[in-house]
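Scroll down for the structure; my scribbles are underneath it.
Every chain is numbered from 1, with letters handed out A, B, ... down the list of sequences.
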Amino acid sequence: MDRETLIEMRNGNEESFRIIVMETQPPLFSFIMNFVLDRTVAKDLLQDTYIRIWQNRWRYDVDRNFMTWALAIAANICKGYLRKNGRSKVSVEDRDVLLNITDSDTDVENMLTCHEWAAAIRAIVHDLGYKQRLVFTLCCLEGYNNDEIGEITGLSPGQIKSNLYAAKQTIKKELKSIGYER
Amino acid sequence: MKDSVDIFIEKLKKRTVPPVLDDPGDFADEVVGMLHASRRKSVISPVIYRFAYALVLSTVFVLIALERNRIVGDSNTAGDMPHFIQKKLSDPEKTISNITTSINLVEQYKSFEQ
């Protein structure tokens, strides 16, 4: 995304904003989707994110990374959604997937298929607190580094590390409780 | 050393296909279309909210001030005197006898001290 487009968007050019929406929606949608695990909700939250980006465009510093700024807004939107709707519990189907996984194989490498792994870990992540869930999603599912996560979340490196550690510990504990990890 | 959960997480990152929107073009048009609605909302709504908030707040302050003023103003009249004082005043003979008894007691105490 070039600087000119960002400056024009900042000045209120709707066509530039449209270009930015087209270019930035894949990572933003992926993050929100991984965070809320609901396609319809994720699409609504993505719309809210872009509306807020547009309303606050004058606050954007063009020298700053646009994606981290947009992700920070998306994270706040997700936080508001969780506060409003409460922390949704993992659905019955997800729990079934988790339990079915444990019955299949004894070899760690062959035990889960890709989709089952995703379902298992995500189901547990879905039950984590906001900060742990945010840090885990950004780091382990979206692949952002610590500096980027710090910029998005406003957390210090120590806080990021401790939240990630706590999230992983909870995942281990949950997997152990259903008899998966040995 | 990495344990099984760390291995899972790494594989999850590598193997998960990022979710995408079905119709990014339509979505972008939809968002741009919503900007006008959001602009109207963002300009009008905060003004109304702030005005309503200020109105409610000032009304509350005025009511509190009026109420305080009424209490202070009325407390100078006999109507707002505590009930037990009014009762005492309504029976002057009893009040006088009580005062006389008190004076007598003080006198007795004084004489006892001496």
Side-chain angles (χ1 to χ4, degrees), chain A residues 12 14-15 17-34 37 39 42-43 46-56 108-109 111-115 117-122 124-125 136 139-143 164 167-169 171-176 180-182, chain B residues 1-69 71:
Chain A
E14 287 180 9
E15 190 47 45
F17 182 66
R18 193 184 182 283
I19 293 167
I20 289 167
V21 172
M22 286 297 288
E23 284 187 28
T24 57
Q25 56 84 17
L28 280 178
F29 182 69
S30 173
F31 162 69
I32 298 172
M33 182 65 192
N34 276 326
L37 295 181
R39 206 172 180 80
K43 202 177 166 186
L46 185 62
Q47 274 183 352
D48 291 347
T49 303
Y50 280 118
I51 297 297
R52 198 172 287 181
I53 287 172
W54 177 257
Q55 287 171 343
N56 292 285
V108 169
E109 287 297 315
M111 207 163 177
L112 299 170
T113 66
C114 171
H115 293 295
W117 280 13
I121 306 253
R122 277 179 184 166
I124 298 167
V125 170
F136 185 87
C139 178
C140 299
L141 302 179
E142 298 298 318
L164 193 60
K168 285 182 178 176
Q169 287 302 111
I171 292 169
K172 283 177 193 178
K173 203 175 142 192
E174 280 283 318
L175 289 175
K176 210 172 181 177
Y180 183 64
E181 204 206 7
R182 285 165 298 274
Chain B
M1 192 181 160
K2 285 180 180 175
D3 59 20
S4 55
V5 175
D6 291 322
I7 296 165
F8 288 168
I9 292 166
E10 274 190 16
K11 291 204 172 188
L12 184 70
K13 198 192 306 185
K14 282 177 193 164
R15 291 189 190 182
T16 309
V17 180
V20 286
L21 281 170
D22 301 327
D23 43 8
D26 288 349
F27 176 79
D29 291 337
E30 210 176 306
V31 169
V32 172
M34 286 168 75
L35 296 183
H36 302 283
S38 75
R39 189 181 295 148
R40 273 200 300 278
K41 194 181 165 192
S42 67
V43 171
I44 296 167
S45 298
V47 173
I48 292 170
Y49 284 138
R50 278 173 201 167
F51 180 72
Y53 183 69
L55 195 70
V56 168
L57 211 64
S58 55
T59 310
V60 168
F61 277 125
V62 167
L63 285 174
I64 290 170
L66 284 173
E67 185 66 14
R68 281 175 67 98
N69 199 30
I71 292 165

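Closest approach of B:Val31 and A:Ile51 over heavy atoms only: O-CD1, 4.2 Å. Heavy atoms only, all atoms of each residue included: B:Gly25 and A:Arg18 are closest at O-NH2, 3.4 Å.
With sequence neighbours left out, A:Arg52 forms a salt bridge (charged side-chain N to carboxylate O under 4.0 Å, His left out) with no residue at all. Here B:Asp22 pairs with A:Arg39 under the salt bridge (charged side-chain N to carboxylate O under 4.0 Å, His left out) rule; sequence neighbours left out.
In this structure, chain B has heavy atoms under 4.5 Å from both the backbone and the side chain of A:Gln47. With a 4.5 angstrom heavy-atom cutoff, A:Leu46 touches chain B via backbone and side-chain atoms both.
Remark: A:Trp54 CH2 to B:Leu35 CG distance equals 5.5 Å, nearest 0.5 Å.
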